[in-house]
**Student:** 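Have a look at this one before I ask anything.
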Amino acid sequence: QVQLVESGGDSVRPGSSLRLSCAASGFTFSDSPMNWVRQGPKKGLEWVAVIWNGGGNTYYADSVKGRFTIHRDNAKNTLFLQMGGLEPDDTGVYYCTKGNPAILFDLWGQGTQVTVSS
């Protein structure tokens, strides 16, 4: 089945680190740009980061730049988001998505919950 399955979400304290994972199946992962997108409790959807296929260049939202790192393991069809220096504003459901963020996301995972609170 074509799907993305996120894992690794947790409830943590400010300043903590977490690594989210996204297992991909049913498509050629190595040929696909991959993203993390999040939705906070009161906020709309926010694009977080993209890692391109091919050269694997990365781009980040200003809100997470310097704190989060997106990376991928093409051999394992897995996408990661390494999050450090977590803040309460990082709270939300994190989705991995397939697609070009300038065009469209054609596949979404079900999301994993990240809660940052003191």
Side-chain angles (χ1 to χ4, degrees):
Q1 187 170 9
V2 178
Q3 63 179 357
L4 299 169
V5 180
E6 301 94 337
S7 62
D10 201 359
S11 181
V12 299
R13 301 290 182 240
S16 297
S17 297
L18 275 178
R19 188 176 78 159
L20 306 183
S21 299
C22 173
S25 60
F27 64 95
T28 306
F29 179 78
S30 60
D31 289 344
S32 303
M34 300 296 299
N35 308 261
W36 288 97
V37 178
R38 68 186 183 186
Q39 184 166 28
K42 108 107 170 216
K43 306 172 182 178
L45 288 168
E46 179 187 20
W47 170 83
V48 173
V50 60
I51 182 165
W52 290 97
N53 55 306
N57 291 333
T58 59
Y59 298 89
Y60 299 89
D62 287 343
S63 57
V64 306
K65 201 171 298 177
R67 298 189 297 121
F68 291 10
T69 301
I70 187 171
H71 57 110
R72 64 195 297 162
D73 186 337
N74 286 337
K76 297 181 178 179
N77 289 350
T78 305
L79 177 73
F80 302 95
L81 184 67
Q82 181 65 52
M83 305 184 295
L86 285 165
E87 306 166 353
D89 282 351
D90 295 319
T91 293
V93 179
Y94 284 69
Y95 302 91
C96 59
T97 71
K98 169 180 176 285
N100 183 335
I103 301 175
L104 62 84
F105 304 127
D106 59 12
L107 184 65
W108 292 68
Q110 295 184 14
T112 186
Q113 176 70 43
V114 173
T115 302
V116 185
S117 63
S118 56

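Bear in mind that the values here come from a model prediction, so they are computed numbers and not experimental data.
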**Student:** Apply the side chain to side chain donor-acceptor pair (under 3.5 Å) test between Asn35 and each candidate in Tyr59, Trp108, Trp47; give the one that qualifies.
**Tutor:** Trp47
**Student:** With a 4.5 Å heavy-atom cut-off, do Thr91 and Val114 have their side chains touching?
**Tutor:** no
**Student:** When you compare the side chain of Met34 with that of Thr97, does any pair of heavy atoms fall below 4.5 Å?
**Tutor:** no
**Student:** Nearest 0.5 Å please: distance from the OG atom of Ser16 over to the CG atom of Asp90.
**Tutor:** 11.0 Å
**Student:** Taking the side chain from Arg38 and the backbone from Val93, do they hold a donor-acceptor pair closer than 3.5 Å?
**Tutor:** no
**Student:** Quick check against the 3.5 Å criterion: does Asp10 have a side-chain atom that pairs as donor or acceptor with the backbone of Val12?
**Tutor:** no
**Student:** Is it true that the side chains of Ser63 and Glu46 contain a donor and an acceptor less than 3.5 Å apart?
**Tutor:** yes
**Student:** Do Cys22 and Trp36 come close enough that some side-chain heavy atom pair is under 4.5 Å?
**Tutor:** yes
**Student:** Answer whether the closest heavy-atom distance between the side chains of Tyr60 and Arg67 falls below 4.5 Å.
**Tutor:** no
**Student:** Does any non-hydrogen side-chain atom of Arg72 lie less than 4.5 Å from one of Phe80?
**Tutor:** no
**Student:** Please say which of Leu79, Thr69, Asn57, Leu81 ends up in a side-chain contact (heavy atoms from CB on, under 4.5 Å) with Ile51.
**Tutor:** Leu79
**Student:** Report, as yes or no, whether the 6.0 Å neighbourhood of atom NZ on Lys43 holds more than 12 heavy atoms from other residues, nucleotides or ligands.
**Tutor:** yes
